[in-house]
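In what follows, a single structure is set out as structure tokens and then discussed.
Lettering follows sequence order; numbering is per chain, from 1. Bear in mind the structure is a predicted one, so any value in this text is a computation, not a measurement. Hydrogens, waters and symmetry mates are skipped; everything else that's a heavy atom, side chains included, is used.
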Amino acid sequence: MAPVDAVIAIEKVSVKAFRLMLLARMLDDKFASLYRMGKIHGGVFLGRGQEALSVASGLSLRPGDLFAPLIRDTAGRLAFGEDLVDAVRTYLGSGLGPMRGRDGNVHRGEPRKGVYAMISHLGAMISVINGGLMAHRFTGKTGSVGLASMGDGATSTGAFHEGLNQAAVERLPLVLVVANNCYAYSTPNDRQFACKTLLARAAGYGVEGVEFDGTDLEESLDKVNGAVQRARAGGGPQLVIANLLRLCGHGEHDDASYVDADLKSSAVGRDCLKVAEDQLRQEGLLTPETLTQWREEAARDIENVVAQVQREPGPDPYQEDWSALATKSLVETQWPS
Amino acid sequence: MAPVDAVIAIEKVSVKAFRLMLLARMLDDKFASLYRMGKIHGGVFLGRGQEALSVASGLSLRPGDLFAPLIRDTAGRLAFGEDLVDAVRTYLGSGLGPMRGRDGNVHRGEPRKGVYAMISHLGAMISVINGGLMAHRFTGKTGSVGLASMGDGATSTGAFHEGLNQAAVERLPLVLVVANNCYAYSTPNDRQFACKTLLARAAGYGVEGVEFDGTDLEESLDKVNGAVQRARAGGGPQLVIANLLRLCGHGEHDDASYVDADLKSSAVGRDCLKVAEDQLRQEGLLTPETLTQWREEAARDIENVVAQVQREPGPDPYQEDWSALATKSLVETQWPS
Amino acid sequence: MVITYLEAIRAAQAAALRDDKRVFIYGQDVGVFGGAFKATKNLAQEFPGRVIDSPISEDAMIGMAVGAAVSGMRPILEVQFADFSTLALNQIVNQAATHYWRTGVPCPITVRLPSGGTSGSGPFHSQSMEALYAHYPGLVVMAPATVQDAYEMLLAAVAIDDPVIYCEHKYLYYHLKADDLFTEPPVPVGKARIARAGRDLSIVTYSAMVHEALAVADELAKEKIEIEVVDLRTVKPLDTDSIVASVSRTGRLLCVGEAFPWGGVTAEVVARVASEGFNLLDAPPMRLNAKDTPVPYHPNLWAAHRPTARSIADAARRLLRM
Amino acid sequence: MVITYLEAIRAAQAAALRDDKRVFIYGQDVGVFGGAFKATKNLAQEFPGRVIDSPISEDAMIGMAVGAAVSGMRPILEVQFADFSTLALNQIVNQAATHYWRTGVPCPITVRLPSGGTSGSGPFHSQSMEALYAHYPGLVVMAPATVQDAYEMLLAAVAIDDPVIYCEHKYLYYHLKADDLFTEPPVPVGKARIARAGRDLSIVTYSAMVHEALAVADELAKEKIEIEVVDLRTVKPLDTDSIVASVSRTGRLLCVGEAFPWGGVTAEVVARVASEGFNLLDAPPMRLNAKDTPVPYHPNLWAAHRPTARSIADAARRLLRM
Ligand SMILES: Cc1ncc(C[n+]2csc(CCOP(=O)(O)OP(=O)(O)O)c2C)c(N)n1
Ligand SMILES: Cc1ncc(C[n+]2csc(CCOP(=O)(O)OP(=O)(O)O)c2C)c(N)n1
Ligand SMILES: [Mg+2]
Ligand SMILES: [Mg+2]
């Protein structure tokens, strides 16, 4: 049996994790409803069903680590310390957000705080994390890790391969977390790869791998944290495969009617939030009252932030300097001027 | 014990293979000497030390199959039926060669005969082979296979990953032959990948794999042929890893001084031509007299062809239509005209 | 009957699949799902085994198409957004585009690139990449602006023996409608089209910007200014003759494009007119492009980033005063 | 002392490594081997742990540089040949080039591209890719033509807070020599240089073609024709002021580039001069590029494919008669 302290620590983490999952779910739901009301300029992409894994990624990291979240990582971002307002500002394109209305929705980050801003091209963030870790190595910053999120579909990109192999050659503390949600947009696993499990890839890169049920919060916390610890301790890159199901469309424009009904009713189709709730209840860590209270608090926080951001001005094209260079002396004259 | 017929067949193949290896080695040597005499316009890249594997690739294929040879495949090309004169014409840039002086040295092919013309970008030919095999599938051409050659270094490219994964998903009869010659230009394996053996990659794609001593002709014939047979029989993609050493520079401009002396004196450093010669001698299939005779024949053939091609005119820029499009009505006017 | 630009693209693919056994379609989610934009809706069902979902492997997608084309097929590729074709660039410009010239064996592939900006799409789902492809030898680069062209040029792309980059504009998908697929006499591939005749100023443009230019022509017509709008249709080959002929009628050239400002179609057009039609010009030729930053997400910024009817009209007025 | 263009590149990297701890070099075979062209010879030995061999993974090479740069380093990347940068294009144009604009955090990487044609190198080891990179917002694109510029601009590239594409010409590596690294006063980055003054015709060009143009100027000087040669140095930003100023002196513009003819530097230069300096031109501006095919292998074809002193002189004479 684990010592009492450790049990309490784990419990606390799972409680914290659950609250973050709840917040993420409700924030995502809010984005979906704003989308339906036509208040969002582009697409909306949710993490529904993936919050347990995502929150585990965010909570396994500590300040000084590097994180490259992907589109379904609302929970992980919040867990790593993202301010609610940054998420909302980015979705609403506020000029005050970290992306200043230049980029939107899930394409946000704060590199100086260790959160890289994803580009859309799948797989492309892995090598960027590697580079950040190389910088840490060069500057003697030891003990940090970098975690990159990924989907099952993204494992087919050349960038995935080059990035993981690069990390392996340099033996970098990269944790590559694959949310295998059975689909890449409409494309099922069997049109994406032919290996029985993506875990089989680990050996081909000479890295450690672990696979688990990503609908289970405690499992997720345990396994992701384990991988992060191994990387931190010098064990080299870690390939983490979590099996789960996306419980929403690819984006909110998509009804996901292509998702196999059998999968939905199978174990991977469980709602991780419900699973976590049940776990916490059974462990006596959650009462209906607390849940209601947490929900209310989350709802209030979200409503407040959304209301605030909706009052904020959009970016002003006349205030923009319309240049993509940091070196202002090299900016080209626009034609015609 | 194998039935007598089969033994004879194998012997015959190894004899044929040895003669082709000898021819390839001598042709390569000729290119090297032309290079030193300043008679070659660009680089020269040899297959020295890789002839056993290469010839096994070429001999395992039959008409109707597809082949994407790489830079060290003089032997395999000859084995698959390349005319000596095409190789020489390409190296010398003759206007009469298959590439008409437009492309040169190792960048030659005759797609209509099943030999694709490699581009330099490593890994890029795998998916092209896949496409040819898809065409066969669409047109009901069954029983054909496609073989792509590759180096250890090329396994780090995104194209390698995407191509092999694509073949696996489509379960195409692709045979991917990796000549692991321990170096990519000057870069040793341990700066290229971190897996113990590249064979460990096979499982990650859900394909069959085989690894062997590529300095051994009989082993090479046996293993490559086995993979080709499995692919032909519907077993899906095959990853073939052959270990050997490049017994020359990356190109003839390179003295390969970076090659580890221990490797040179180890088993992978054996000269496959010498190994094959010894094997054949021991099996009573080769006498010193035949060897001398074969050498003389090869030397004469090569000298004749080189002499002929050297008399051929180079391409005439005034005869070129200087357009890259097949649809002549769409060719752009050149500026200025 | 009303048919959209997107439906025309779907119809052309259906016709190609129906009429030519060598045709197949390959791309992410193009199968039963019908594609991210539904450009292949029902085609997998109608043509079993010939509309194939690919893994997320842009490089291998084009490589596979090249191999199939060289072996006799006529693949149509859908890249989910043009922006992702950066990952296929090598196979396009070095493999497909060089193949005929190097080997004498044609490589007839059609690469469909959902291109151009729409509100809220941001830096990575809005790009216009025609300049990259047109720069490399060996490719035909199309950018249809009308429903009829969307249909006819896609069929032409499949029929042509060369690799074709077919830039279809996402904004036009649903916004552009026609009463019929065939409303005008067909124009051969490689020829520009006079979308509207005029004699005071030529606006030379392509793709979605043709419609902005036409709106400007409408507006300025109220001031008795006659704008001629030239729709390039293919940006490579570029129909210099028709462009110069238009400038010879109007004496003034405004070239408009939605792509980034350095290089690209507008530079090539203006450079050619300056070289070949110098004496026809009554005023300096003018260009209007997007701004030199990534394509912004917020509609306020987006509208200011790319040319619009308003900024085109401003430029036209300025040019007319010169 | 005699120093080659290649040695200047090596020297600049040595100086950068020596003076700035944030600098490291990453690329295939750049380590103990010293690089395919020996541009990093001995640097791994002199600066242990800071000159690192990469796997054959161009996409990951640039991605890693971006991550390192964003976290405070100043990586120099060597792509073995410019032609292979097609495989890194996505990371360059979408990751590195957009980073500052999107996040406000600069991404100071220097990507060295051994560029341009040499005899016998063929379609895949000869390309000039500056136009692709200049088209995308967010990049500085350099193309040094002299030994001094090779040195000074590479140091500037490392110092600049933006991603720089540094196109170094392979033909100049050994052919171009100088007595000293510093023979002329330094010119700021972004400014063109008058490589030779003249008043009859401006040849605007860059990289190896500067030397062809200078040879033409020498030759035509015998006929009392004074050619002004403008060396662009950076193709983005493009120093329009200096170009227009030169044309204002000569009235005639011939723009020469070694790249493919559609789009690119010559189109951009001619288009800008036509727009901004229209009234300065006494004759139509003229362009000379390579032909619209891949770069050929055989020297006969190669010499006819790209501009040479001879074809430039022909074009200049034609233009002077206009
Ligand atoms: C290189 C690339 N190709 C195509 C796309 C378009 N795209 C965006 S998300 C997506 C599916 C991603 O699937 P997966 O990696 O499994 O992540 P999930 O959406 O399931 O979380 C695709 C194809 C892209 N973003 N990048
Ligand atoms: C994508 C790409 N990057 C770089 C190169 C330059 N290059 C040519 S051969 C070579 C080494 C190849 O090593 P390997 O694949 O092991 O083949 P080998 O030469 O050992 O047979 C390199 C780096 C290339 N051709 N393609
Ligand atoms: Mg998925
Ligand atoms: Mg090798």
Should we count [atom1] of [X] as having more than 12 external heavy atoms under 6.0 Å?
X: D:Lys41; atom1: NZ; result: no
X: B:Lys39; atom1: NZ; result: no
X: B:Lys328; atom1: NZ; result: yes
X: D:Arg310; atom1: CZ; result: no

For the atom pair [atom1] ([X]) and [atom2] ([Y]), what is the distance rounded to the nearest 0.5 Å?
X: B:Thr157; Y: D:Leu87; atom1: OG1; atom2: CG; value: 8.0 Å
X: D:Glu58; Y: B:Leu122; atom1: CD; atom2: CG; value: 8.0 Å
X: B:His121; Y: D:Phe81; atom1: NE2; atom2: CZ; value: 10.5 Å
X: D:Met61; Y: B:Ser156; atom1: CE; atom2: OG; value: 11.5 Å
X: D:Ile56; Y: B:Thr187; atom1: CD1; atom2: OG1; value: 7.0 Å
X: B:His41; Y: D:Trp302; atom1: NE2; atom2: CH2; value: 12.5 Å

Between the side chain of [X] and the main-chain N/O of [Y], is any donor-acceptor distance below 3.5 Å?
X: D:Asn300; Y: B:Gly314; result: no
X: B:Tyr185; Y: D:Gly35; result: no
X: B:Arg191; Y: D:Asp53; result: yes

Measure [X] against the heavy atoms of chain B and call it side chain, backbone, both or neither at under 4.5 Å.
X: D:His125; answer: side chain
X: D:Trp262; answer: side chain
X: D:Ala36; answer: both
X: D:Thr86; answer: side chain
X: D:Val32; answer: neither

Can you say whether the rings of B:His107 and D:Phe124 are parallel (under 30°), tilted (30 to 60°) or perpendicular (over 60°)? tilted
Against chain D, label B:Ala154 side chain, backbone, both or neither, depending on which of its atoms sit under 4.5 Å from a heavy atom there.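 The backbone, not the side chain.
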Could you look at B:Leu92 and say if it's the side chain, the backbone, both or neither that has a heavy atom under 4.5 Å from chain D? backbone
Minimum heavy-atom separation for B:Trp322 to D:Thr293, with atom names?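 Closest approach of B:Trp322 to D:Thr293: C-CG2, 3.4 Å.
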Looking at every non-hydrogen atom in both residues, tell me the closest pair between B:Gly101 and D:Leu301 and how far apart they are.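 The answer is O-CD1, 3.7 Å.
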Winner by heavy-atom pair count (cut-off under 4.5 Å) against chain D, out of B:Glu320, B:His250, B:Gln192: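 Maximum pair count with chain D is reached by B:Gln192.
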Can you tell which of B:Gly42, B:Gly93, B:Ser120 has the highest number of heavy-atom pairs within less than 4.5 Å of chain D?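 That would be B:Ser120.
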Among [options], residue most engaged with chain B (heavy-atom pairs, under 4.5 Å):
options: D:Ala303, D:Pro296, D:Gly31, D:Ser54; value: D:Pro296
options: D:Ser119, D:Pro294, D:Pro123; value: D:Pro123
options: D:Asp59, D:Thr118, D:Asp83; value: D:Asp83

Given the rule in the side chain to side chain contact (heavy atoms under 4.5 Å, CB included) test, do D:Phe33 and B:Asp254 qualify, once you have shown the distances and angles that lead to the verdict? CA-CA 11 Å; D:Phe33 185 63; B:Asp254 170 29; 4.0 Å; yes
